[in-house]
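The structure under discussion appears below in the form of structure tokens.
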Amino acid sequence: MATTQSPVDLEKLVSLCKRRGFVFQSSEIYGGLASTWDYGPLGVELKRNIKDAWWRTFVLARDDMVGLDAAILMHPDVWRASGHVEGFSDPLVECKACHQRWREDQLEERKCPACGGELTEARQFNLMFKTFVGPVEEDAAVAYLRPETAQGIFVNFNNVLTSTRRKLPFGVAQIGKAFRNEITTGNFIFRTREFEIMEIEFFVKPGDDEEWHGRWRDECLRWYTDLGVDEGRLRVRAHEPDELAHYAKATYDIEYDFPWGWGEIQGIANRTDYDLQAHSSASGESLAYFDDETKERIVPYVIEPSAGVDRALMTFLTDAYVEEEAPTASGGTERRVVLKLHPDLAPVKVAVLPLSRNERLVPLAREVFEKVRSSGAIRGMVQYDDSQSIGRRYRRQDETGTPLCVTVDFDSLDDNAVTIRERDSMAQVRVPIAALVGELSGRLTA
Ligand code: GAP
């Protein structure tokens, strides 16, 4: 098969996402809200699968991790102590002619990229969204939508420590929404103002931090490649000193080669003891750890792997997108689009398809579908589809990344067997219905 590997054209990806129900523009019937996106029926499955895969790898499969789900709204003093009120800002410039706004640090030249006009002096623009708690809009009622989930972990450090009796090193993981009033957004779901992050704050003894920083860099990178992302399209880049966030001693970015170039999909920062120290002195509550060996109280250092869910989704989709010439039943070829997603991520794991809507085939196909769906052995969605020709249904399932199709045909009525068709190779194998569930789950986890 002649195959066109990614990178896929961004427009093609956006169009597939809309056509097949992965991602829709938010508030579309009102003309949309810039850079805001909704996940459709397949997008929500893909997103859940990404988060589940991450949680399984970094929480459930490890002895040194626990989870947390902190509130989005936090006491405003959290953001003063963390340095976000003062320092979480980007340099904003405005074009004096067309009034478009830009991030000065992202401009190659000091003129408006849209019209070439003169730009204003830069001013620091804080990226946190402000809101008010309660019915009165006054300074005392200001609250912020969190720009990272990390602070929920830091302020719960003592709660986690005392409730779980953890010893260093240990980590706390959290997945949740974050909000940033980005000056410039774009590239589909890559840079938006509302997004989701999967974060770990991993607490270590001071002095062990650099070794753990390297270990987390490698483990995070492996997570993407284990889920099928092409190693050649991933790279790790260390931050230059002038790029470092206000809390970081050193940071690695994992970047993916997107259609528009390299883009950060995950950061792994060495946050030192910056946050625990800051909250200890601002709150008056000591966030220290008693070291049984040295009988000393120490403030742990923190390694923070922080990955965007939406950027991970964009990476998996971009990397999985393939166009190829495929043989047809009549002996010719046709172009097919395939999402070669890892089975753990695929929104639909198995599709059960009767060859046609024939009244003898449909009841058996429905019976097979129910058997597979209710078995509990397939971790994820099983779909039944009997609309349009079998060829078109295969193409549709290929385009949404379904790893396995099960076809019920007229022979099935006599031999109690069905055909499993594999997405990537298009190979077909006949299996008895009695052995179907085991065959499917074996192939999905192989
Ligand atoms: N707590 C650390 C932290 O927030 P970050 O590098 O600013 O670090 C972490 O963000 C990850 O969140 C990024 O690597 C990226 O994947 C994702 N992310 C950040 N800003 C985003 C945005 N505006 N839209 C979508 N994802 C974003």
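Whatever order the structure lists them in is the order used to number ligands and atoms, beginning at 1. Computed from a predicted model, the values in this text were never measured in an experiment. Only this structure's heavy atoms are used, side chains among them; waters, hydrogens and symmetry mates stay out. All residue numbers in this chain count up from 1 along the given sequence.
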Show the nearest heavy-atom pair for residues Thr185 and Arg191, with the distance to one decimal.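 Nearest pair, atom of Thr185 first, then Arg191: CB-O, 3.2 Å.
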Would you mind checking which non-hydrogen protein atom is closest to [atom], with the distance to 0.1 Å?
atom	value
atom 15 (C) of ligand 1	Arg311 NH1, 3.5 Å
atom 18 (N) of ligand 1	Phe195 CE1, 3.6 Å
atom 4 (O) of ligand 1	Arg180 NH2, 2.7 Å
atom 2 (C) of ligand 1	Glu304 OE1, 3.0 Å

Quick one: are the ring centres of Trp216 and Tyr252 less than 6.0 Å apart?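 No: the rings miss the under 6.0 Å criterion.
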May I ask you to check whether Phe188 and Trp37 place their ring centers less than 6.0 Å from one another?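 Close enough - the centres of the two rings lie under 6.0 Å apart.
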Pull out every atom of ligand 1 sitting under 4.0 Å from any heavy atom of [X], numbered as shown with elements.
X	answer
Ile265	14 (O), 16 (O)
Glu182	20 (N), 22 (C), 23 (N)
Ile197	11 (C), 12 (O)
Gln266	14 (O)

Kindly confirm or rule out an N or O of Arg191 lying under 3.5 angstrom from an N or O of ligand 1.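 Looking only at distances, the answer is no, because the N/O contact criterion of under 3.5 Å is not met.
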Please determine if Gly308 has a nitrogen or oxygen closer than 3.5 Å to a nitrogen or oxygen of ligand 1.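 Yes, since at least one N or O of Gly308 sits under 3.5 Å from an N or O of ligand 1.
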Salt-bridge criterion met for [X] and [Y] (N-O under 4.0 Å):
X	Y	answer
Glu399	Arg336	no
Glu118	Arg110	no
Glu194	Lys177	yes

Heavy-atom distances under 4.0 Å decide this one: backbone, side chain, both or neither, for [X] against ligand 1?
X	value
Arg193	neither
His239	neither
Phe179	neither

Using the rule side-chain hydrogen bond (donor to acceptor under 3.5 Å, both in side chains), only one of Asp230, Asp319, Thr315 pairs with Tyr256; which is it?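 Only one of Asp230, Asp319, Thr315 forms a side-chain hydrogen bond (donor to acceptor under 3.5 Å, both in side chains) with Tyr256, namely Asp319.
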Quick one: does [X] get a heavy atom under 4.0 Å from ligand 1?
X	answer
Tyr256	no
Glu201	no
Thr192	yes

Residue pair Ser306 / Gln266, side-chain donor-acceptor N/O under 3.5 Å: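 Their side chains do not contain a donor-acceptor pair, so the 3.5 Å distance test is not met.
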Geometric cation-pi criterion Arg235 and Trp262, 6.0 Å radius, 45° cone: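 Flagged: Arg235 positioned over aromatic ring of Trp262.
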Assess whether atom CG of Asp292 is packed by more than 12 heavy atoms of other residues, nucleotides or ligands within 6.0 Å.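 Correct, the count exceeds 12.
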